Structure formats: C-alpha cells, structure tokens
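Predicted, not measured: the structure shown is a model, and the values here were computed from it.
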Amino acid sequence: MARPSSIEREDEEIREEIAKARAHGMTIDEILALLREGYGKDFSRSAMGRHCQKLDKLGQKARRSRMVAEALARQMGDASVSRMLRANVEMMHTAILDLFMAGEDEDGKINSDGLAALQGNPEGLMLLSKALDHLTKASKTDADFVAQIEERTEARLRREAETNIRREGKKQGLTAEQVAALSAGMFGVKK
C-alpha cells in the first residue's frame with residue numbers, strides 16, 4: 001500500500017485549511033503561499049497538486065451524490081418511507097459495488113492496488129459490513145411493517161365487505177345462508 005503523502009501526514013488543522021482554501025477557489029501556488037506565511041509549512045508543488053487533485057475528485061463525488069439524492073427526493077416527492085428506504089438501500093448497494101469494482105482492472109482481474117486498499121483498511125471493511133447489516137435489518141423491518149399494514153387493511157376491508165353484504169342482504173330479503181354464500185363467493189369472506 002502506498003505510504004501517505006507529506007500533506008496527508010500533517011495535522012488535521014493543516015489539511016482542513018488546504019481543503020477550505022481549495023473550496024474557495026485558491027490555486028496551488030496561493031495555497032502554498034498561505035501555508036508558508038500562516039503556518040511556516042513548505043510543501044512541494046507536486047505534492048500539493050496531487051493532494052488538490054484528490055480534493056477535487058472528492059468534491060466531484062460529493063456533488064454527484066448530492067445531485068442524485070436531490071433528484072430522488074424530487075422524483076419521489078411525498079413517496080412512502082418504504083420507497084425512500086428502498087432507494088437508500090439501492091444507493092448503498094451501488095456504492096458498495098463501485099468500491100469492489102475499484103479492486104478490479106478493466107479485464108475483471110484483481111487490481112493489486114484496489115485489493116490492497118480493501119485489505120489494508122480493516123476498520124473501513126468493518127464499518128461497511130455494519131452498514132450492510134443495518135440496511136438489511138432496515139429492509140426486513142420495512143418489509144414486516146408493510147406486511148402488517150397489508151394484513152390490517154385486508155382485515156378492515158373484509159369486515160366492511162361482510163357488514164355491507166349483510167346490510168344489503170337484509171334490504172333485499174335474503175336469508176342468512178344466501179348472505180353467507182355471497183360473502184364466501186364474491187369477497188372471500190368466510191365465517
């Protein structure tokens with residue numbers, strides 16, 4: 001696994017300052033001057049360039065993710081929580097697939113850099129596993145909730161149908177056996 005760059009080994013405060021400066025549109029030379037003057041730090045232009053490229057890529061990914069989330073929110077509008085959960089699960093699966101695809105090259109063979117990134121980060125893999133576990137549990141909870149709602153709705157509709165058939169049967173002068181036969185045949189309502 002590649003060793004961290006001179007910038008990545010710096011304090012969090014320095015890295016945050018670089019990220020803020022880059023987010024505000026400062027050039028590499030301006031960031032280098034800022035760090036020299038403000039912190040007394042001197043980095044090579046190439047190291048700063050590589051670091052800024054990483055920041056720019058992360059920014060693009062964050063913007064893309066935000067755009068997808070906003071598009072989904074607009075598309076779903078007042079959609080049920082269940083649909084939103086399924087959309088989140090789908091997005092998480094896509095992100096995981098992207099992560100694992102990064103471990104392969106164009107031919108589908110294991111890319112040693114990508115594989116090393118996955119193997120060299122046990123905490124990241126553990127957190128990924130936890131996220132999958134939580135999504136699985138949320139999906140199961142959602143499925144149970146939907147099934148429960150469907151059962152309640154079916155029971156309510158069955159009661160309403162039975163009540164309506166009895167009422168209408170009385171109005172039409174039908175016997176109890178005829179009403180029971182209608183209930184069983186037409187609506188599947190059984191006593």
Side-chain angles (χ1 to χ4, degrees), residues 1-139 142:
M1 193 159 146
R3 67 172 221 219
S5 73
S6 58
I7 296 173
E8 290 169 348
R9 289 190 304 254
E10 279 298 328
D11 293 337
E12 183 72 24
E13 179 185 357
I14 301 286
R15 292 192 315 264
E16 283 180 17
E17 191 66 34
I18 295 169
K20 284 181 201 173
R22 191 65 178 172
H24 286 99
M26 292 179 76
T27 66
I28 293 171
D29 292 325
E30 291 170 335
I31 296 171
L32 288 170
L34 172 77
L35 295 174
R36 237 181 267 114
E37 294 167 13
Y39 295 91
K41 297 286 184 176
D42 197 20
F43 299 102
S44 73
R45 191 171 194 293
S46 61
M48 185 59 68
R50 286 189 301 273
H51 188 74
C52 286
Q53 279 183 336
K54 286 180 186 178
L55 290 176
D56 293 345
K57 284 181 184 177
L58 283 173
Q60 286 175 340
K61 286 181 181 184
R63 282 188 294 280
R64 185 181 70 186
S65 177
R66 191 177 315 116
M67 286 173 27
V68 168
E70 288 171 358
L72 280 173
R74 276 193 308 277
Q75 193 174 24
M76 292 186 158
D78 292 338
S80 68
V81 172
S82 176
R83 282 182 60 197
M84 292 294 275
L85 173 68
R86 282 186 231 135
N88 284 331
V89 169
E90 200 59 41
M91 284 193 311
M92 182 64 167
H93 284 186
T94 301
I96 291 166
L97 179 62
D98 287 348
L99 175 68
F100 283 104
M101 293 299 285
E104 297 179 353
D105 62 15
E106 298 84 36
D107 300 328
K109 295 178 183 169
I110 300 295
N111 175 335
S112 60
D113 292 338
L115 185 60
L118 291 174
Q119 292 175 338
N121 188 358
E123 183 180 7
L125 288 173
M126 181 210 47
L127 291 172
L128 185 60
S129 297
K130 257 186 171 174
L132 281 172
D133 180 53
H134 289 5
L135 284 174
T136 303
K137 286 178 182 175
S139 293
D142 181 58

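Between E10 and I18 there is no side-chain heavy-atom pair separated by less than 4.5 Å.
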Side-chain atoms of residues 49-60: list all donor-acceptor pairs with protein atoms under 3.5 Å, sequence neighbours left out, distances to 0.1 Å.
residue, atom, partner, partner atom, Å
K54, NZ, E8, OE2, 2.7
D56, OD1, R22, NE, 3.2
D56, OD2, R22, NH2, 2.9

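Residues passing the side chain to side chain contact (heavy atoms under 4.5 Å, CB included) test with L34 are E17, A21, M26, sequence neighbours excluded. Residues meeting the salt bridge (charged side-chain N to carboxylate O under 4.0 Å, His left out) test with D42, sequence neighbours left out: R36. Scored by the side-chain hydrogen bond (donor to acceptor under 3.5 Å, both in side chains) test, D11 finds no partners at all (sequence neighbours excluded). With sequence neighbours excluded, the residues that form a side chain to side chain contact (heavy atoms under 4.5 Å, CB included) with E13 are Y39. Looking at residues two or more places apart in sequence or on another chain, you find a side-chain hydrogen bond (donor to acceptor under 3.5 Å, both in side chains) between S44 and S46. In this structure, E16 has no salt bridge (charged side-chain N to carboxylate O under 4.0 Å, His left out) partners at least two apart in sequence or on a different chain.
One finds the CD1 atom of I7 at 9.0 Å from the CD1 atom of I31 (value rounded to the nearest 0.5 Å). Here R45 contributes atom CZ and I28 contributes atom CD1; the two are 5.0 Å apart, rounded to the nearest 0.5 Å.
Nearest approach of L32 to F43, heavy atoms of both residues: CD2-O, 3.4 Å.
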